[in-house]
> 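I have a structure here, written as structure tokens, and I will follow up with some questions on it.
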Amino acid sequence: MIRLEVVEGQEDPRRLDSSEDVIRIGRSDQNDLVVAQWHVSGEHASIVRAGESYVVRDHHSTNGTRVRRGDKTVDVGGERGREVELCPGDELLLGDVERPVRISVVLGEELGEEPDDARIVSLRKVDELAAVEATVGADRAVLQSLYEAQKAIGACIDLHEVIDVVAQQVFRFLSRATHVTFALREDEGPADGRRPRKAARYVPVGTRVRGGADAEAIPITRSVFKKVVAERAAVLAADAKRDVGETASIMGAQIESTIGVPLWHGDDEIIGVLQVDNRAASGVFRERDLDILAVLAQSASSAFTHARLVSRLRSAEESQRNENDYLKRREQGRRFDGIIGEAPLMKRLFEQLRKVVNTRVTVLIEGETGTGKELIASAVHYWSERSDKLFVAQNCAAMPENLLESELFGHKKGSFTGATEDKKGLFELADAGTLFLDEVGEMPLNLQAKLLRVLQEGEIRPIGSNQTKKVDVRIVAATNRDLEKEVAEGRFREDLFYRLKVFPLRVPPLRERREDTPLLAGHFLKRYAHEFGRSVRGFSQQAMELLSAYKWPGNVRELENEVQRLVIQIDDGGFVEPEHLSPRIRQVENILDKVHPRKGTLKEMVEQVEKWILLEALKDHDNNKSQTAKTLGITREGLHKKLKNYGL
């Protein structure tokens with residue numbers, strides 16, 4: 001039992017007496033002790049029973065939690081790992097340092113809670129249980145029954161199954177037992193240099209009632225529980241009211257007699273407590289009941305240990321499976337996140353993709369650096385029937401020839417210096433999936449021959465092996481080079497070129513689809529604002545016009561990097577203005593250098609620059625006036641008017 005009383009800091013006095021294992025304190029109405037002051041967080045702190053004591057934990061509150069002990073104040077959020085053990089006479093200080101909410105703490109003994117020196121009728125130490133088992137086993141009929149009980153308990157795997165079967169066996173052997181309650185210790189967590197190991201906390205996990213009636217978990221009788229844990233012993237209180245005393249938990253539950261037995265693992269570790277109660281006046285437990293229950297507890301201890309281990313393994317497996325599913329979904333989302341385009345050239349590319357994804361043909365993706373060739377390769381895989389298998393990517397320009405060969409085809413142990421074990425190559429890892437070879441034009445001629453063999457025969461041979469392996473891998477290659485020119489100059493095999501270019505896909509540069517620039521810029525702005533936790537309202541019209549007019553030699557990658565820089569630079573709640581853009585994008589100086597306007601009035605010089613911009617925009621769009629007007633951010637009628645004014 002613990003009492004918390006608000007003694008200073010709010011007008012509405014509050015007091016809470018509780019025997020719960022967790023007591024929540026904060027401004028929210030869902031807390032056990034509600035403190036309404038503005039400087040107290042919604043879920044500010046909690047007090048948790050830790051074995052025989054209580055600890056206070058801060059929930060990352062805004063203004064902190066402190067414990068005043070005499071003339072000393074301890075910060076709960078300090079070096080002790082956000083947890084401080086409470087002592088008699090402590091005060092909690094919540095919120096504002098100058099005017100905190102003060103809460104007095106009164107612990108169980110001060111409230112007249114059950115004493116620790118309870119008089120126990122009988123006690124069996126854990127290390128004495130072997131002798132107890134020998135004594136109980138002297139009766140052959142009892143020995144046979146105990147063997148059957150231990151066999152049934154040992155066959156359990158699931159935690160709830162262990163609880164059910166152990167309770168059944170307890171009711172079978174102890175005719176006076178009416179209730180069986182199990183309390184298991186929570187994991188303490190590892191200690192490190194900053195955070196101490198937390199005190200053990202025992203939590204009731206289930207109660208079973210003779211006859212199968214439903215029952216909520218019953219609190220373990222504190223006086224008996226403390227003796228079980230402290231003495232590492234099975235404890236019998238033959239007439240609980242008389243021999244232990246009329247304490248709150250015993251009187252509230254109307255217990256006539258009780259037995260508490262430790263559940264243990266190894267030589268020292270107490271993992272839980274098994275409590276058996278008699279709530280009927282027809283009789284009380286005897287020492288023989290204690291001995292039989294102590295014997296059953298040995299099997300129950302092993303069963304609970306194994307069940308918790310299985311539970312952890314299942315939890316780890318489920319966590320791993322969920323993590324894999326999450327990573328796969330995130331990978332798919334990430335890969336398709338940037339495939340954005342409404343320009344005619346992109347719509348044509350998407351149509352070609354839909355036609356080829358569910359075939360087995362090799363795809364060659366051509367395009368300048370930064371156009372998003374890997375995203376298109378990902379789409380070939382994830383839009384196909386191979387999407388549940390691996391998509392593996394390798395940049396052929398990123399490794400020297402010998403390492404690239406090992407990476408692609410694998411090697412056997414000892415095949416070369418440093419080959420200390422067998423290694424699977426990417427072709428083998430991508431079996432039944434897709435292998436993306438980026439910058440395939442950079443592949444050395446020797447490896448080109450091996451790649452051609454894979455495409456022709458569907459088999460690989462690891463370095464140092466004399467055996468081939470069949471693989472079913474779809475090849476998607478990409479290059480920013482002119483492979484026909486490479487073939488003509490002898491740097492790329494002609495037969496491999498025709499094998500790769502079965503179905504070519506060309507990714508247009510950004511300057512050929514300028515109408516997609518606002519879409520891409522808005523997408524990247526939203527993405528990085530969310531990632532960096534920033535609030536950017538968007539682009540001003542002038543800034544977007546400059547972004548759309550720029551030719552982006554680095555293509556989509558350059559645009560993405562520019563927007564990422566802008567999100568970092570712009571103040572929260574602001575718009576991207578022209579002055580925020582990089583000088584190369586503002587282009588004012590570059591335009592003047594190219595136009596070389598003749599000196600005259602400001603109006604005349606501006607008209608010369610505008611005329612040059614109109615001509616360049618028309619040239620970029622093959623004189624398509626609708627697209628030109630859209631890129632320039634004006635109407636078609638407005639464009640006609642300007643062209644007419646300039647005699648164009």
Side-chain angles (χ1 to χ4, degrees), residues 313 316-317 319-321 323-325 327-328 331 335 360-365 373-374 377-378 380-382 384 386-481 483 486-487 489-502:
L313 291 174
E317 183 181 22
S319 176
Q320 185 69 40
R321 183 163 54 249
E323 182 178 352
N324 289 340
D325 290 344
L327 290 174
K328 186 174 181 180
E331 178 69 5
R335 292 185 181 278
R360 298 187 58 177
V361 301
T362 303
V363 175
L364 178 64
I365 303 172
K373 297 188 291 295
E374 185 172 352
S378 301
V380 173
H381 174 76
Y382 286 111
S384 75
R386 295 173 178 254
S387 59
D388 59 334
K389 304 300 181 182
L390 282 180
F391 173 80
V392 181
Q394 175 61 48
N395 189 320
C396 298
M399 287 185 174
E401 179 178 346
N402 57 334
L403 292 181
L404 181 59
E405 182 179 4
S406 171
E407 192 72 17
L408 292 176
F409 302 102
H411 64 250
K412 302 294 289 183
K413 180 180 179 180
S415 57
F416 55 85
T417 303
T420 57
E421 58 185 14
D422 290 353
K423 176 185 177 180
K424 289 184 178 181
L426 296 183
F427 275 101
E428 193 172 352
L429 291 174
D431 193 21
T434 303
L435 176 60
F436 173 52
L437 299 176
D438 197 8
E439 305 299 346
V440 70
E442 306 285 344
M443 182 177 286
L445 285 169
N446 290 338
L447 285 186
Q448 291 179 26
K450 286 198 169 188
L451 176 58
L452 181 64
R453 178 181 178 84
V454 178
L455 292 171
Q456 290 176 333
E457 308 296 336
E459 60 184 27
I460 60 169
R461 177 179 294 171
I463 299 174
S465 174
N466 55 10
Q467 295 182 336
T468 60
K469 296 181 179 181
K470 285 286 185 181
V471 291
D472 173 21
V473 178
R474 183 177 194 174
I475 302 295
V476 178
T479 182
N480 60 3
R481 292 191 176 192
L483 288 188
E486 296 294 304
V487 170
E489 297 179 358
R491 290 191 293 269
F492 201 84
R493 293 180 61 108
E494 185 176 11
D495 48 2
L496 178 59
F497 170 70
Y498 289 116
R499 280 284 183 176
L500 291 176
K501 200 169 182 177
V502 177

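Treat the numbers as computed from the prediction; the structure is a model and nothing was measured.
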> Return the set of residues passing side chain to side chain contact (heavy atoms under 4.5 Å, CB included) with Glu405 (not counting sequence neighbours), or none when no residue passes.
Phe409, Leu447, Lys450, Ile463
> How many angstroms lie between atom CG of Asn395 and atom CD of Glu374, to the nearest 0.5 angstrom?
9.0 Å
> Holding to salt bridge (charged side-chain N to carboxylate O under 4.0 Å, His left out), I want the full list of residues that pass it with Lys424, two or more places apart in sequence or in another chain.
none
> Please name all residues satisfying side chain to side chain contact (heavy atoms under 4.5 Å, CB included) with Ala477, sequence neighbours left out, ordered by chain then number.
Leu364, Val440, Leu500
> Not counting sequence neighbours, which residues clear side-chain hydrogen bond (donor to acceptor under 3.5 Å, both in side chains) with Thr434? List them please.
His381
> Do Leu408 and Gln394 have side-chain heavy atoms sitting under 4.5 Å apart?
yes
> Run the side-chain hydrogen bond (donor to acceptor under 3.5 Å, both in side chains) test against Ser406 and tell me which residues pass, sequence neighbours left out.
His411
> Evaluate side chain to side chain contact (heavy atoms under 4.5 Å, CB included) for Phe492 paired with Thr479, printing each intermediate quantity in order.
CA-CA 12 Å; Phe492 201 84; Thr479 182; over 6 Å; no
> Hey, could you give me the CG/CG distance between Leu404 and Leu437, rounded to the nearest 0.5 Å?
8.5 Å
> Glu489: what forms a side chain to side chain contact (heavy atoms under 4.5 Å, CB included) with it, not counting sequence neighbours?
Lys485, Arg491
> Enumerate the ring pair (Phe, Tyr, Trp, His ring centres under 6.0 Å) contacts for residues 430-461, please, sequence neighbours excluded, ordered by first and then second residue.
none
> Determine, stepwise, if the pair Thr362 / Lys501 fulfils side chain to side chain contact (heavy atoms under 4.5 Å, CB included).
CA-CA 7 Å; Thr362 303; Lys501 200 169 182 177; over 6 Å; no
> List the atom pairs, with distances to 0.1 Å, where a side-chain N or O of residues 465-473 and a protein N or O form a donor-acceptor pair under 3.5 Å, not counting sequence neighbours.
unit_1	atom_1	unit_2	atom_2	d
Ser465	OG	Gln467	N	3.1
Ser465	OG	Gln467	O	3.2
Lys469	NZ	Glu428	OE1	3.3
Lys469	NZ	Glu428	OE2	3.3
Lys470	NZ	Glu457	O	3.1
Asp472	OD1	Arg360	NH2	3.2
Asp472	OD1	Arg386	NH2	3.0

> Looking at Ser415 and Gly464, what are the two nearest heavy atoms and their distance?
CB-CA, 3.7 Å
> Under a 4.0 Å threshold between the charged nitrogen and the carboxylate oxygen, would Lys413 count as salt-bridged to Asp422?
no
> With sequence neighbours left out, what residues match Leu452 under side chain to side chain contact (heavy atoms under 4.5 Å, CB included)?
Gln456, Arg493, Asp495, Leu496, Arg499
> Roughly how far, to the nearest 0.5 Å, is OG of Ser384 from NZ of Lys389?
12.0 Å
> Could you list the residues that satisfy side-chain hydrogen bond (donor to acceptor under 3.5 Å, both in side chains) with Glu401, not counting sequence neighbours?
Asn446
> Please, which pairs that meet salt bridge (Lys or Arg N to Asp or Glu O under 4.0 Å) have at least one residue in residues 431-447, sequence neighbours excluded?
Glu442-Arg481
> Nearest 0.5 angstrom please: Ile475 CD1 to Leu451 CG, how far?
6.0 Å
